[in-house]
Amino acid sequence: MQATPFCLRVGHLLPYSMSGSNTTEFTNPSTFILLGIPGLEAAHVWISIPFCTMYIIAILANFTILFIVMTEPSLHGPMYYFLCMLAITDLVLSTSILPKTLSIFWFNSREIDFSACLTQMYFMYSFSAMESGIFVAMAFDRYVAICDPLRHSTILTNPMVAKISLAVVLRGGVVILPIPILASQWPYCTTNIIPQPSCLHIAVVNLACADTHVSSYYSLFVIFCVMGLDGIFITLSYTQILRAIFSLPTKDARLKTFKTCGSHLFVISAFYIPGIFISLMNRFAQNVPLYFHVLVATVSFLMPPMLNPIIYGVRTKQIRDRLLRLFTHKGA
């Protein structure tokens, strides 16, 4: 069995090792066994409390964002359309992970069908790739709005927004598709035990008793082509945005303009920084227990869906004002 040191989040790297005490002899399994957080089984119920809280906040906050944008005509613009896409992506991403994880924690429901495992894998990574693409679209929207405001309405028309959205969805769906397809082709004859609460790519592929270099190389290709290129495009966009901001004549104008894209910077940081942290931890903290790696990697999937709508609700004046009017009207 080949042990590759890479785990796709898209972009998150996670070391992984299997214990020889769990091996059995059988042919391809119909189910896998998810262990949850190895080494912290006794604390699963307590761990489930913050996880469940994060999921509830993510569901309520993202639906609130969708409701506000849909019911407020003044928010029917490119930035808010992309924000709705982000909310839908976060809802699907968190729902693809949390229900099964909570069933492990609460009911010890560790079995997952082979096809369901591959489906979960696909949804986790494809919607993570879509989220990365949405951030690129948002960065482009802010770039045009700040650096070329007079042409914003002519460049980012509704048909153009629809084309960008379709490209983001198709890219995320297509580029990730080979990952579960390749994983389904390998023979699994050693063990069906996955020391994770979800079907992470490397955790599944590492169980194969075959040369899985193709899966490893393709996952690296996706990391560089999705996260790498997206990161470059976002960096270039915000470099130009910041140059435009600092060239404004007055301090008030600079501050006001910076606030319009401040929420984007917070959200992008919440998405990319955990991946960088995990990569550094895996490279320089090899003695960290497996349960800590698993816990951090799982939280890194769940944190953005919770934080994104909160950050936009607090940092975006139009959404904040609409939300206050909504509660004020109900209170009256």
Side-chain angles (χ1 to χ4, degrees), residues 1-9 12-48 51 95-125 176 179-216 218-219 278 281-282 285-302:
M1 178 176 67
Q2 179 205 2
T4 54
F6 298 104
C7 171
L8 185 66
R9 180 230 183 257
H12 287 187
L13 305 180
L14 178 66
Y16 173 75
S17 62
M18 277 299 301
S19 171
S21 60
N22 289 326
T23 59
T24 56
E25 293 298 330
F26 55 90
T27 55
N28 281 6
S30 59
T31 61
F32 284 116
I33 306 297
L34 299 170
L35 294 186
I37 312 294
L40 296 179
E41 289 84 358
H44 273 178
V45 173
W46 296 106
I47 296 173
S48 72
F51 275 37
T95 301
S96 69
I97 301 171
L98 253 299
K100 182 58 183 178
T101 300
L102 293 176
S103 72
I104 296 171
F105 291 163
W106 289 342
F107 310 114
N108 203 33
S109 176
R110 300 173 183 272
E111 287 193 358
I112 183 170
D113 289 342
F114 183 72
S115 57
C117 186
L118 296 180
T119 301
Q120 184 191 57
M121 182 192 302
Y122 175 73
F123 273 87
M124 288 167 60
Y125 296 132
I176 298 298
I179 289 176
I181 291 177
L182 287 171
S184 69
Q185 303 303 310
W186 308 124
Y188 298 89
C189 58
T190 305
T191 182
N192 66 337
I193 298 174
I194 301 175
Q196 303 279 349
S198 57
C199 292
L200 295 180
H201 173 248
I202 193 61
V204 174
V205 171
N206 256 0
L207 303 184
C209 41
D211 186 349
T212 59
H213 272 105
V214 175
S215 287
S216 299
Y218 187 77
S219 68
I278 291 174
M281 183 180 67
N282 294 335
Q286 297 294 335
N287 295 327
V288 174
L290 175 62
Y291 68 79
F292 186 77
H293 285 284
V294 174
L295 195 59
V296 172
T298 304
V299 170
S300 70
F301 268 107
L302 306 178

Parallel, tilted or perpendicular: ring planes of Phe32 versus Phe114, cut at 30 and 60 degrees: tilted
Gap between atom CD1 of Ile47 and atom OG1 of Thr298 - 0.5 Å precision: 9.5 Å
Closest contact, heavy atoms only, Gln120 versus Ser96: NE2-O, 3.0 Å
Restricting to non-hydrogen atoms, name the atom on Pro187 and the atom on Ala210 that form the minimum distance, rounded to 0.1 Å. CD-CB, 3.7 Å
Looking at CG of Leu34 and CD of Glu111, how far apart are the two atoms once the value is rounded to the nearest 0.5 Å? 10.0 Å
Give a yes or no on whether Tyr218 atom OH has more than 12 heavy-atom contacts from other residues, nucleotides or ligands under 6.0 Å away. yes
Worked check of side chain to side chain contact (heavy atoms under 4.5 Å, CB included) between Thr101 and Phe301: CA-CA 12 Å; Thr101 300; Phe301 268 107; over 6 Å; no
Atom OH in Tyr122, atom CD1 in Ile176: separation rounded to 0.5 Å? 8.0 Å
Compare every heavy atom of Ala183 with every heavy atom of Tyr188, then report the nearest pair and how far apart it is. OH-O, 2.5 Å
For Glu41, does the CD atom sit with more than 12 other heavy atoms under 6.0 Å from it, leaving out its own atoms? yes
Can you measure from CD1 (Ile179) to NE2 (His201) and round to the nearest 0.5 angstrom? 5.5 Å
At their closest point, which heavy atom of Ile112 faces which heavy atom of Ala116, and how far apart are they? CG1-CB, 3.8 Å
Side chain of Lys100, backbone of Cys199: donor and acceptor closer than 3.5 Å? no
Is there a side-chain contact between Cys117 and Val204 in this structure, where contact means two heavy atoms from C-beta onward sitting under 4.5 Å apart? yes
Nearest 0.5 Å, what's the CD1-CZ distance between Ile97 and Phe123? 12.0 Å
Measuring only between side-chain heavy atoms, which start at C-beta, is Tyr291 closer than 4.5 Å to Val296? no
Which atoms form the tightest heavy-atom contact between Ser219 and Ser216, and what is the distance? OG-O, 2.7 Å
Closest non-hydrogen contact found for Leu207 with Ile193 is CD2-O, 3.7 Å
Check: Asn192 side chain, Thr31 main-chain N or O, donor-acceptor pair, under 3.5 Å: yes
So Thr212 and Trp186, side chain to side chain donor-acceptor pair (under 3.5 Å) or not? Walk me through it. CA-CA 8 Å; Thr212 59; Trp186 308 124; 5.6 Å; no
I want to check something: taking the side chain as every heavy atom from C-beta on, are Thr119 and Pro180 in contact at a cut-off of under 4.5 Å? no
On the 0 to 90° scale, with breaks at 30° and 60°, tag the Phe105-His44 ring pair as parallel, tilted or perpendicular. tilted
Using side-chain heavy atoms (C-beta onward) and a distance below 4.5 Å, is Gln196 in contact with Ile37? no
Between the side chain of Asp211 and the main-chain N/O of His213, is any donor-acceptor distance below 3.5 Å? yes
Say you draw a straight line from CG of Leu102 to OG of Ser109; how long is it, rounded to the nearest 0.5 Å? 11.5 Å
Side-chain donor/acceptor of Arg110 to backbone N/O of Ile33, under 3.5 Å: no
